[in-house]
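Positions are given from 1 along the sequence. Any value given below was found using the heavy atoms of this structure, including those in side chains, with hydrogens, waters and symmetry copies removed. Quantities reported herein were computed from a predicted structural model and do not represent experimental measurements.
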Amino acid sequence: MGCGRKRMKFDILTLFPQMFSSPLQESILGKAIEKGLIQIRTINIRDFALDKHRVVDDTPYGGGQGMVMKVEPIARAIEWVKSQDPSVWTIYLTPQGRGLNQEISRKLSSRSHLVLLCGRYEGVDERVRELFIDEEISIGDYVLTGGELAAMVVIDAVSRLLPGVLGSDRSAEEDSFFNSLLEYPQYTRPFNFRGNSVPEVLLSGNHSAISLWRKKEALKRTLDRRPDLLAKANLSREDQRLLEEILRESRPDKSRDGA
Ligand code: 4FV
C-alpha cells in the first residue's frame, strides 16, 4: 500500500458528506486514493447529534440573524476521531483563519492525520474553537455558504505535495523553486497559432538559456502582478541582477544612457 510511502489521512467533519463524492474521485487525487497515498473519510456531524430531531444548529445567544452550529455534536465527532488517533491535527475552515498559502500547505503535508471541520450557517459555537481546534485556515477573503469547498482546496494543495501523488516528485520540487514567485509562461504545440508564435529560446534546446528566460519571466510577472511576493522571496544574486535588468528595460529609454 503506497509502497512504504508516506500516506496521509483526512477526516472531514461536515453536514454534507455527499459533496465530497465526485470532486475527490477524479484525476490525480482519485489516483492517489487508489494508490493508498491519501485516505479521505467524511464524517456527518449530524450522526453525533443524539437528540430525537438530531439538531445541529440553534439561534445565536444575544440575538441576530442566522443560526450557529452547536458545540456538542462537533465535540463528540472530534473526540470520536481522537479516540482513534490522539495525534490528529484539527483544522477549522473559516474566513477568520490564516490565509492558505504554499508554506502552510507544505507544513500540513508533513502531518499524517488531519481533521477538517466544515462550518455552515453563521459558523460554529466559539467553544468549538477554544476547546477543539488547533489551527484555523481561510482560502480567501470572501464568504462561502459552507467550509466544504475550502476543505477540498486544502486537501488538493496538501496532497499534491506528498511523494508519489504528482507524476514525478520533481514537479513538486520545481514548484518549490518557484513557489515564492508566480509561474513563468507555458507554451505547447502548435508553434504558431494565428500568427502568435512561441518564444524561440524554448525551442533552442539550450537548457541554461531556457531556465534563465523562465526565471526572468517569473520575476517580471511577479513584479507586475504580485510585488508583495517579491518582497518575501529569497532572491539569489542572479535573480537580483535579472530584476535590475527588467527594471532597466521597463524604464523609458532616456535612463538607458544614464542621462
Ligand atoms: C471560508 C473561507 C468561508 C463562512 C460562514 C462558511 C463560510 C459559513 N472557509 N475560507 N473563506 N466559510 O467562507 O474558509 O459557515
Provide the full list of salt bridge (Lys or Arg N to Asp or Glu O under 4.0 Å) pairs with a residue in residues 60-79, sequence neighbours left out, each pair given once.
->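 Found K70-E72.
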For [X], side-chain hydrogen bond (donor to acceptor under 3.5 Å, both in side chains) partners two or more places apart:
X    : answer
E238 : K215
K9   : none
R225 : none
D228 : R226

For W80, ring pair (Phe, Tyr, Trp, His ring centres under 6.0 Å) partners two or more places apart =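 Ring pair (Phe, Tyr, Trp, His ring centres under 6.0 Å) list for W80, sorted by chain: F48.
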Ring pair (Phe, Tyr, Trp, His ring centres under 6.0 Å) filter on F10, not counting sequence neighbours, yields none
Check: [Y] main-chain N/O paired with [X] side-chain donor or acceptor under 3.5 Å:
X    : Y    : result
D125 : M69  : no
S109 : L162 : no
S211 : H207 : no

Test side chain to side chain contact (heavy atoms under 4.5 Å, CB included) applied to K107 - qualifying residues, sequence neighbours left out =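 Listed in chain order: E103.
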Who else is in V68's hydrophobic cluster (ILVMFWY, side-chain heavy atoms under 4.5 Å, direct or via others)?
-> none
By the rule that ILVMFWY residues connect when side-chain heavy atoms come within less than 4.5 angstrom, directly or transitively, which residues belong alongside V201?
->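 Taking Ile, Leu, Val, Met, Phe, Trp and Tyr as members, V201 shares its hydrophobic cluster with Y187, F191, V198, L202, L203, I210, W213.
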What residue pairs, at least two apart or across chains, pass side-chain hydrogen bond (donor to acceptor under 3.5 Å, both in side chains) with a residue in residues 43-57?
-> D47-R54
Restricting to pairs with a member in residues 194-204, which pass side-chain hydrogen bond (donor to acceptor under 3.5 Å, both in side chains), not counting sequence neighbours?
->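 Qualifying pairs: none.
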Any chance the side chains of S208 and N206 put a donor and an acceptor closer than 3.5 Å?
-> yes
